[in-house]
Participant: 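Dumping the structure here so I can ask a few things about it.
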2 protein chains.
Amino acid sequence: MINDYPGVSGRRTIEPPPPEELSPRLNTTPHAPKDADQAERPTRRERARAATIEEIKQTALQLMREHGTTDLRFSDIAREMGMTAPALYRYFSDRDELLTELIVDAYDDLGTTVADAREKLPRDDLSGRFLAVSQAYREWAKREPQQFALIFGLPVPGYVAPEEGPTTEAARRAMWQLKSLFSEAAASGQLRRPLIQDVDDAVAACVMFDEDAGDPSLRPLPEDTFQACMHSWATLHGFVSLETYGHFDFVPPEARDALFTSAVRLAATAAGFPWPTDGALS
Amino acid sequence: MINDYPGVSGRRTIEPPPPEELSPRLNTTPHAPKDADQAERPTRRERARAATIEEIKQTALQLMREHGTTDLRFSDIAREMGMTAPALYRYFSDRDELLTELIVDAYDDLGTTVADAREKLPRDDLSGRFLAVSQAYREWAKREPQQFALIFGLPVPGYVAPEEGPTTEAARRAMWQLKSLFSEAAASGQLRRPLIQDVDDAVAACVMFDEDAGDPSLRPLPEDTFQACMHSWATLHGFVSLETYGHFDFVPPEARDALFTSAVRLAATAAGFPWPTDGALS
DNA sequence: AAGAATAGTTATGCTCCGTAACGCTCGTGA
DNA sequence: TCACGAGCGTTACGGAGCATAACTATTCTT
């Protein structure tokens with residue numbers, strides 16, 4: 001009779017939890033079936049957990065889309081999922097952790113979207129790939145303005161990014177897509193010298209640091225090409241950013257499309273990419 | 001005994017306010033000294049009120065700077081000012097109204113900062129002015145990243161922009177600075193044809209709409225120049241935006257400076273601005 | 001000096017974040 | 001097969017912020 005129900009001790013409630021360390025909470029994969037065989041298939045429970053996490057993230061995104069902000073309320077997410085808010089803390093220790101994961105996901109999504117677009121075209125179609133990458137970037141931003149804002153806006157109000165955390169790395173992974181476009185182009189030999197060839201020593205030194213090592217197609221870019229790559233990124237991002245945030249609203253949509261194409265063409269041309277003179281691309 | 005608890009009738013406190021219309025609250029300038037003489041000097045009270053409003057805004061900005069977000073709490077502002085939070089509602093009907101004013105102020109600040117920089121150089125120094133405007137834009141963003149985010153980020157979480165409200169207009173005013181740079185250049189006759197001269201009909205039509213009428217130096221730009229102006233804005237904004245939000249952190253500061261200058265030079269050159277060949281500007 | 005408009009206060013309600021305590025339900029292992 | 005414990009969910013609660021209501025103090029006008 002001393003103990004007649006699960007949990008702790010007989011009803012006499014609150015006995016401050018003994019030194020047992022606080023919570024083995026998050027990100028633990030406790031209780032793996034046996035112990036050996038690291039690469040074991042995930043437990044049934046683990047799969048359920050992963051599915052729930054995914055559902056939470058999708059619900060969060062859906063709510064952000066609906067409300068048009070990067071704000072999100074645990075209570076809303078929970079209600080949408082038919083749960084109560086505190087339950088979410090089983091999966092994310094707080095709002096920031098969820099946000100961080102969403103940001104990482106956004107980078108990945110952008111990265112793969114752009115990569116897919118790039119790889120749909122033959123490797124030697126430099127201008128085609130340039131345009132495809134740019135358009136994929138733009139379309140993604142138009143399709144998912146909130147995710148775009150997550151990545152490229154100031155941190156959400158209360159949010160503080162984990163120092164040197166996963167977001168930084170995710171960012172580089174996404175950027176890599178653009179850089180590899182230039183790497184391939186440079187390697188192909190079809191690339192002319194860019195319009196601006198003067199490169200400051202500091203910028204040149206910067207190229208050296210930039211070792212994503214390993215990948216063969218990714219040896220250091222020529223200095224002026226690296227610079228041109230950054231220019232292109234700025235132009236591309238600037239256009240997309242202004243458009244996404246509504247600062248081009250005074251320009252009618254078709255004109256925006258044309259303007260975008262011409263901006264991309266300018267960036268590519270200035271970077272030394274060949275551009276077909278017939279109207280094939282614009 | 002039928003009713004003996006507060007809120008309804010017992011205690012008979014609350015007597016729902018008689019039809020007196022709700023609140024003559026904000027933005028009223030009630031009780032002007034006499035009535036005639038519209039252009040009267042502001043009342044002592046009016047001045048005090050204006051000063052308080054200004055102090056609130058400055059405090060808000062300061063807090064945003066300190067916390068590094070665009071978030072702001074009425075309670076913090078009030079505490080900082082040695083007041084209680086509800087007092088602020090005498091001056092702003094809610095958080096959004098304060099935010100809106102801050103956004104408008106930010107546009108104005110950016111606009112005048114850029115304008116000042118532009119006018120420091122002689123009218124015929126086209127490339128100098130181009131660089132000065134660009135640098136002013138960049139420096140402002142670096143100096144006031146939160147205000148930059150207010151203008152160019154997605155609306156702050158809970159915030160919904162007033163439809164077609166004051167912010168839209170303020171945005172145009174700031175943009176005007178860049179456009180007039182191109183107008184003057186076009187008028188001066190020193191401007192070469194831009195690098196990209198193909199202009200889609202939709203874009204061309206767009207130029208026509210763009211009548212800031214009145215100002216003589218602002219007659220419609222040549223179509224391709226208008227297009228180049230938009231390109232320049234995109235490049236400038238893209239660079240500044242990426243840098244401000246930390247996406248260039250992997251580039252050391254001096255390299256960033258050089259990269260910026262070269263990007264501006266690219267934009268200017270592509271737009272047809274003359275650029276000195278000696279190292280004067282870069 | 002009286003009286004109204006203004007500027008502040010405290011008190012209160014609501015919503016949301018996050019934690020604490022508790023219970024239900026499975027899957028595992030004796 | 002059955003007990004136990006991990007994991008997942010719940011209700012209850014405390015704290016912070018927005019916003020309003022009701023009240024008080026001050027200040028300007030007449």
Side-chain angles (χ1 to χ4, degrees), chain A residues 3-17 20 22-35 43-53 55-56 71-79 81-99 157-159, chain B residues 6-7 11-17 20 22-26 28-35 43-49 51-53 55-56 71-79 81-99 157-159:
Chain A
N3 255 320
D4 63 345
Y5 84 97
V8 187
S9 53
R11 200 34 140 354
R12 71 169 37 197
T13 40
I14 299 172
E15 178 180 1
E20 59 173 359
L22 300 193
S23 47
R25 272 282 178 72
L26 280 321
N27 300 334
T28 56
T29 308
H31 211 265
K34 292 298 183 344
D35 60 339
T43 306
R44 176 181 175 72
R45 274 222 167 115
E46 286 169 340
R47 274 179 291 137
R49 182 180 177 81
T52 306
I53 288 181
E55 189 187 347
I56 293 174
D71 199 13
L72 45 80
R73 276 177 270 279
F74 265 33
S75 23
D76 289 352
I77 299 173
R79 186 172 334 113
M81 293 176 64
M83 299 180 19
T84 58
L88 297 181
Y89 288 84
R90 293 276 177 210
Y91 302 92
F92 298 94
S93 67
D94 58 9
R95 227 169 91 267
D96 284 6
E97 188 168 302
L98 173 54
L99 269 175
Y159 177 76
Chain B
R11 196 30 134 22
R12 70 184 30 208
T13 28
I14 300 176
E15 179 179 1
E20 60 173 0
L22 299 192
S23 46
R25 271 282 177 70
L26 281 319
T28 57
T29 307
H31 213 267
K34 293 294 182 351
D35 60 339
T43 304
R44 175 180 174 73
R45 269 209 171 132
E46 285 169 341
R47 274 180 290 137
R49 182 179 179 82
T52 306
I53 288 181
E55 189 187 346
I56 293 174
D71 200 12
L72 44 82
R73 276 176 271 277
F74 264 31
S75 24
D76 289 352
I77 299 173
R79 185 173 335 111
M81 293 178 63
M83 299 180 16
T84 56
L88 296 181
Y89 288 84
R90 293 275 177 211
Y91 302 93
F92 298 93
S93 68
D94 58 8
R95 227 170 89 267
D96 284 6
E97 189 169 300
L98 173 55
L99 269 175
Y159 177 78

Participant: Roughly, in whole Å, what's the span from CG in B:Leu88 to C1' in D:dT20?
Facilitator: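 B:Leu88 atom CG is separated from D:dT20 atom C1' by 14 Å.
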Participant: Considering residues at least two apart in sequence or located in another chain, which fulfil the side-chain contact (heavy atoms from CB on, under 4.5 Å) criterion with B:Arg79?
Facilitator: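 B:Ser75, B:Asp76.
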Participant: Who are the side-chain contact (heavy atoms from CB on, under 4.5 Å) partners of A:Ala87, not counting sequence neighbours?
Facilitator: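 Listed in chain order: A:Met83, A:Thr84.
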Participant: Rounding to a whole Å, what distance do you find between B:Leu99:CG and D:dA19:P?
Facilitator: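 It is 10 Å, rounded to the nearest whole Å.
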Participant: Identify the two heavy atoms, one from B:Arg49 and one from B:Arg90, that lie closest to each other, and give their separation to 0.1 Å.
Facilitator: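 What the structure gives for the nearest pair is NH2-O, 2.8 Å.
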Participant: Is B:Leu98 close to B:Ile77 at the side-chain level, that is, under 4.5 Å between some pair of heavy atoms?
Facilitator: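 SC-SC contact between B:Ile77 and B:Leu98 confirmed.
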Participant: Under the side-chain contact (heavy atoms from CB on, under 4.5 Å) test, which residues partner A:Arg44, sequence neighbours left out?
Facilitator: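 Once residues adjacent in sequence are excluded, the partners of A:Arg44 under the side-chain contact (heavy atoms from CB on, under 4.5 Å) criterion are A:Arg47.
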Participant: Measure the distance from CE on A:Met83 to P on C:dC24 and round it to the nearest whole Å.
Facilitator: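 Rounding to the nearest Å, CE of A:Met83 and P of C:dC24 are 18 Å apart.
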Participant: May I ask you to verify if any side-chain N or O of B:Arg44 is less than 4.0 angstrom from the OP1 or OP2 atom of D:dC28?
Facilitator: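 Answer is yes, contact under 4.0 Å.
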Participant: Starting from C1' on C:dT19, measure out to CZ on A:Phe92 and report it in whole angstrom.
Facilitator: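 Rounded to whole Å, this separation is 19 Å.
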Participant: Starting at CZ of A:Arg90 and ending at C1' of C:dC24, how long is that distance when rounded to a whole Å?
Facilitator: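 Whole-Å distance recorded here is 12 Å.
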Participant: For the residue pair B:Phe92 and B:Ile53, what are the closest heavy atoms and their distance?
Facilitator: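 Reported closest heavy-atom pair: CZ-CG2, 3.8 Å.
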Participant: In what stems does DNA chain D take part, counting only runs of at least 3 consecutive Watson-Crick or G-U pairs whose two distances fall under 3.5 Å?
Facilitator: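 When the pairs of DNA chain D are grouped into runs of at least three, the stems are C:1-30 with D:1-30.
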Participant: Using the ring centroid of each side chain, check whether A:Phe74 and A:Tyr89 are separated by less than 6.0 Å.
Facilitator: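 For A:Phe74 and A:Tyr89, the ring centres are under 6.0 Å apart.
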Participant: Whether the side chain of A:Arg45 and the base of C:dG27 hold a donor-acceptor pair under 3.5 Å is what I'd like checked.
Facilitator: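 By the distance-only test, no, there is no pair.
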Participant: At under 4.0 Å between heavy atoms, which parts of nucleotides 10-18 of chain C does protein reach? Answer with one letter per nucleotide, 5' to 3': B base, S sugar-phosphate only, - none.
Facilitator: BB----SSB
Participant: Using atom CD of B:Glu46 as one end and atom P of C:dA5 as the other, report the distance to the nearest whole Å.
Facilitator: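 Rounded to whole Å, this separation is 15 Å.
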Participant: Got A:Arg95 and A:Asp71 here, is their nearest side-chain heavy-atom distance under 4.5 Å?
Facilitator: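 Of all side-chain heavy-atom pairs linking A:Asp71 with A:Arg95, at least one is under 4.5 Å.
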